[in-house]
Amino acid sequence: MSFAPSSPPTTAATQVRSPSTPSTVRVMPTNVMNTPSQPSTSASGSSANASSTAAGETIVGRERQGSFGGSSRVKALKPFNTANIKILLLENVNETAVSALRQQGYQVETHAKALAEDVLIEKIKDVHCIGIRSKTKLTKKVLDAAEKLGVVGCFCIGTNQVDLEVAAQKGIAVFNSPFSNSRSVAELVLAEIVLLSRQLGDRNNEMHQGIWSKVSANCYEIRGKTLGIVGYGHIGSQLSVLAESMGMRVLFHDVVPLMPLGTSKQVHSLDELLETSDFVTLHVPETEDTKNMIGEHELNKMKQGSFLINASRGTVVQIPALAKSLRSGHLGGAAVDVFPKEPAANGKFFESELIGCPNTLLTPHIGGSTEEAQSMIGVEVSQALIKFINSGTSIGAVNFPEVDLRAIRDEENSIRLCYTHMNVPGVLLRITNILADHNVDKQFSDSKGKIAYLMADISDVTPEQIQDIYRRVSETPTNIVTRVLY
């Protein structure tokens with residue numbers, strides 16, 4: 001399997017990986033394990049009876065009130081020496097994440113930029129977890145080289161840079177940060193609305209060329225204007241509230257009925273929104289339905305002199321059609337933060353048909369690039385990674401069944417079984433038979449597409465029984481990854 005917390009005590013050192021079948025067992029050598037009666041100690045000196053927060057606060061013997069009034073101590077699940085967990089962080093991931101992961105005792109290697117594919121393939125062979133942003137591409141070729149990889153952290157909203165299906169087939173969970181940069185993006189869009197309505201981009205360029213051009217023609221207040229939001233999710237809804245506070249009327253279109261915030265109103269179709277809005281802003285994910293959703297037809301539906309803003313995904317807008325609409329004067333301006341093809345590094349590499357278009361603001365995918373957003377993203381994603389590595393929790397994974405169990409009881413002979421398997425009939429019956437002679441305190445199973453994930457807490461087991469459970473579960477024909485945490 002992928003992590004050190006995989007093999008039960010006394011299991012022989014093995015690393016088996018069959019390229020012809022997804023049923024694989026990948027374990028670390030036994031010298032990085034500890035028996036259940038010998039809690040592991042991290043590099044920071046915290047034992048398995050203590051858990052550490054991201055801020056470094058150690059909480060020892062935290063108690064949880066039971067269902068019937070009693071209390072039981074929470075057991076920290078770390079059946080491994082944390083110093084043997086290797087994590088690779090690329091693209092200048094925020095220090096909040098680096099600090100949180102190092103506080104767990106993991107080996108953390110950081111790089112300020114994305115790596116070339118050949119370098120990445122070599123680096124990823126030996127890591128258990130990788131953290132990336134938008135420029136690193138985890139393709140099938142790269143993932144096939146990841147012999148120990150168990151989890152990916154995307155320190156951004158998007159996950160289209162990862163082959164999610166291949167990752168799931170290999171039992172690799174992928175986490176992202178869908179919420180943390182919402183405010184930053186919403187504020188940027190609101191600023192662009194003001195800039196476009198006053199043609200400040202063009203006036204600024206002219207002043208830098210020594211040209212004084214004081215004009216008021218086609219410059220407007222945004223108060224009383226209609227903002228049309230396509231995609232009323234975390235960003236769209238926050239923008240709605242901000243825009244209303246500036247006196248704008250807000251309409252929105254989404255594929256599902258949603259509760260409007262403030263006095264905003266949901267319209268029935270995209271065409272209705274385009275035809276009635278002074279400003280149209282896009283906040284949709286990249287899917288087959290949203291690719292090229294704004295083309296010449298949709299732009300012609302927009303009001304004469306209206307404005308388009310795209311801070312979602314570069315494939316949503318057909319750039320040639322937008323450039324044509326801007327140069328013809330049909331649109332009064334546009335702000336674009338994302339592009340179909342973006343340079344892999346900073347420098348003079350950017351090319352676009354939008355360069356030179358009138359009243360057009362072009363920014364290098366910086367919607368979520370604020371200190372506050374990157375800090376919160378670092379906290380959110382690093383905590384998801386820590387929970388998955390240490391306790392098997394997959395809540396928030398984008399390609400993986402979302403499973404969690406309440407904390408395991410702090411008893412010496414209790415374990416947590418984490419079993420990723422192919423989603424086919426008969427698996428649960430087979431696992432039930434394996435666990436039939438043991439006390440299963442609680443268990444939960446869920447599936448997503450071809451992959452399923454089961455977690456079960458088992459008490460009153462001896463080291464020999466733990467080894468037997470691990471062996472029998474990992475040898476099932478549907479196995480992808482089996483972990484035993486204790």
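Everything numeric here is computed off the predicted structure, so don't read it as measured data.
A distance of 10.5 Å separates CD in Glu244 from CG in Leu239, rounded to the nearest 0.5 Å. Here the CG atom belonging to Leu188 is positioned 10.0 Å from the OG1 atom belonging to Thr370, to the nearest 0.5 angstrom. Between the CD1 atom of Ile389 and the CG atom of Leu485 there is a distance of 11.0 Å, given to the nearest 0.5 Å.
Side-chain contact check for Glu380 and Ser180: at least one donor-acceptor pair (N or O, by modelled atom type) lies under 3.5 Å. The closest side-chain donor-acceptor pair between Thr290 and Glu286, if any, does not fall under 3.5 angstrom. No donor-acceptor contact under 3.5 angstrom links the side chains of Asp271 and Ser269, judged on distance only. For the 3.5 Å distance criterion, the side chains of Gln104 and Asn390 qualify, holding a donor opposite an acceptor. Inspection of the Asp289 and Thr287 side chains reveals no N or O donor paired with an N or O acceptor under 3.5 Å. There is no side-chain donor-acceptor pair under 3.5 Å between Glu372 and Ser184. Side-chain polar atoms of Thr281 and His283 form a donor-acceptor pair below 3.5 angstrom. In summary, the side chains of Asn176 and Thr159 do not present any donor paired with an acceptor at a separation below 3.5 Å, with no hydrogens or angles considered. Side-chain contact of Asp163 with Thr139: a donor-acceptor pair under 3.5 Å is absent, judged by distance alone. Residues Asn359 and Gln199 have side chains that never bring a donor and an acceptor to within less than 3.5 angstrom of each other. No hydrogens or angles considered: nothing links the side chains of Glu206 and His208 as a donor-acceptor pair under 3.5 Å.
Between Ser240 and Leu261, the shortest heavy-atom distance links the atoms OG-O, 4.1 Å. Considering every non-hydrogen atom in both Lys135 and Ala345, the closest pair reads NZ-CA, 3.9 Å. The two atoms that bring Asp446 and Glu402 nearest to each other are OD2-O, 3.8 Å, heavy atoms only. Shown here for Val284 and Gly231, the closest heavy-atom pair between the two residues is CG1-CA, 4.1 Å. Across all their heavy atoms, Leu138 and Leu143 have their closest contact at O-CD1, 3.9 Å. The shortest heavy-atom contact between Ile222 and Ser197 is CG2-OG, 3.5 Å.
Taking a 6.0 Å sphere around CG of Asn205, one finds it holds more than 12 heavy atoms contributed by other residues, nucleotides or ligands. Counting heavy-atom neighbours within 6.0 Å of Glu342 CD, excluding the residue itself, gives a total above 12. Open room surrounds CZ on Arg198; 12 or fewer heavy atoms of other groups in view lie less than 6.0 Å from it. Counted within 6.0 Å of CZ on Arg249, heavy atoms from surrounding residues, nucleotides or ligands total 12 or fewer; the atom is thus considered open. Within a 6.0 Å radius of CD in Gln304, other residues, nucleotides and ligands contribute more than 12 heavy atoms. For NZ of Lys387, the number of neighbouring non-hydrogen atoms (other residues, nucleotides, ligands) closer than 6.0 Å is 12 at most.
Checked by atom type and distance alone, the side chain of Ser352 pairs as donor or acceptor with a backbone atom of Leu354 at under 3.5 Å. No donor-acceptor pair closer than 3.5 Å links the side chain of Ser277 to the backbone N or O of Leu274. Distance alone, capped at 3.5 Å, is enough to place a donor-acceptor pair between the Ser237 side chain and the Gly233 backbone. When atom types are taken as modelled, the side chain of Asn292 and the backbone of Gly295 share no donor-acceptor pair closer than 3.5 angstrom. Put simply, the side chain of Arg102 gets close to the backbone of Val108: a donor and an acceptor are under 3.5 Å apart. Judged purely by atom type and a 3.5 angstrom limit, His128 uses its side chain to pair as donor or acceptor with the backbone of Lys86. Using a distance-only test at 3.5 Å, with no hydrogens or angles considered, no donor-acceptor pair links the side chain of Ser325 to the main chain of Leu322. Checking side-chain atoms of Lys125 against main-chain N and O of Ile121 turns up no donor-acceptor pair under 3.5 Å.
Salt bridge Glu275/Lys301: present, at least one basic N to carboxylate O contact under 4.0 Å. Under the 4.0 Å criterion applied to side-chain N and carboxylate O atoms, Glu296 and Lys324 are assigned as salt-bridge partners. In summary, Lys113 and Glu91 do not engage in a salt bridge, as defined by a charged side-chain N under 4.0 Å from a carboxylate O.
Contact of the Gln374 side chain with the Arg133 side chain is registered, since non-hydrogen atoms from C-beta on lie closer than 4.5 Å. In this structure the side chain of Tyr106 never reaches within 4.5 angstrom of the side chain of Asn84, judged on heavy atoms. At a threshold of 4.5 Å between non-hydrogen side-chain atoms, the residues Ser445 and Val403 do not count as touching. In this structure, the side chains of Gln161 and Thr136 stay at 4.5 Å or more apart for every pair of heavy atoms. Contact check for Leu149 versus Val151: no side-chain heavy atoms found under the 4.5 Å cut-off. Inter-residue side-chain proximity for Glu298 and Met302 is flagged as unmet; no heavy-atom pair is nearer than 4.5 Å. You'll find the side chain of Ile130 reaches within 4.5 Å of the side chain of Leu120, heavy atoms only. A 4.5 Å side-chain heavy-atom check between Leu361 and Asp337 finds every atom pair outside the cut-off.
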What do the steps show when you test Asn479 against Thr482 for side-chain contact (heavy atoms from CB on, under 4.5 Å), and what is the final call? CA-CA 7 Å; Asn479 175 68; Thr482 298; 2.5 Å; yes
Evaluation steps, side-chain contact (heavy atoms from CB on, under 4.5 Å), between His253 and Gln266: CA-CA 6 Å; His253 170 66; Gln266 185 167 10; 5.7 Å; no
Derivation of the side-chain contact (heavy atoms from CB on, under 4.5 Å) call for Cys129 and Leu88: CA-CA 6 Å; Cys129 167; Leu88 178 65; over 6 Å; no
Walk me through whether Leu115 and His111 qualify under side-chain contact (heavy atoms from CB on, under 4.5 Å). CA-CA 8 Å; Leu115 301 179; His111 292 264; 4.0 Å; yes
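A side-chain contact (heavy atoms from CB on, under 4.5 Å) with Asn399 holds for exactly one of Ile451, Val174, Val152; it is Val174.
Note on ring orientation: taking the six-membered ring where Trp is involved, the planes of Phe307 and Phe279 are parallel (angle under 30°, cut-offs 30° and 60°). Using a 30° and 60° split on the angle between ring planes, Phe339 and Phe350 fall in the perpendicular class, above 60°.
For Phe400 and Tyr453, the distance between ring centers is under 6.0 angstrom.
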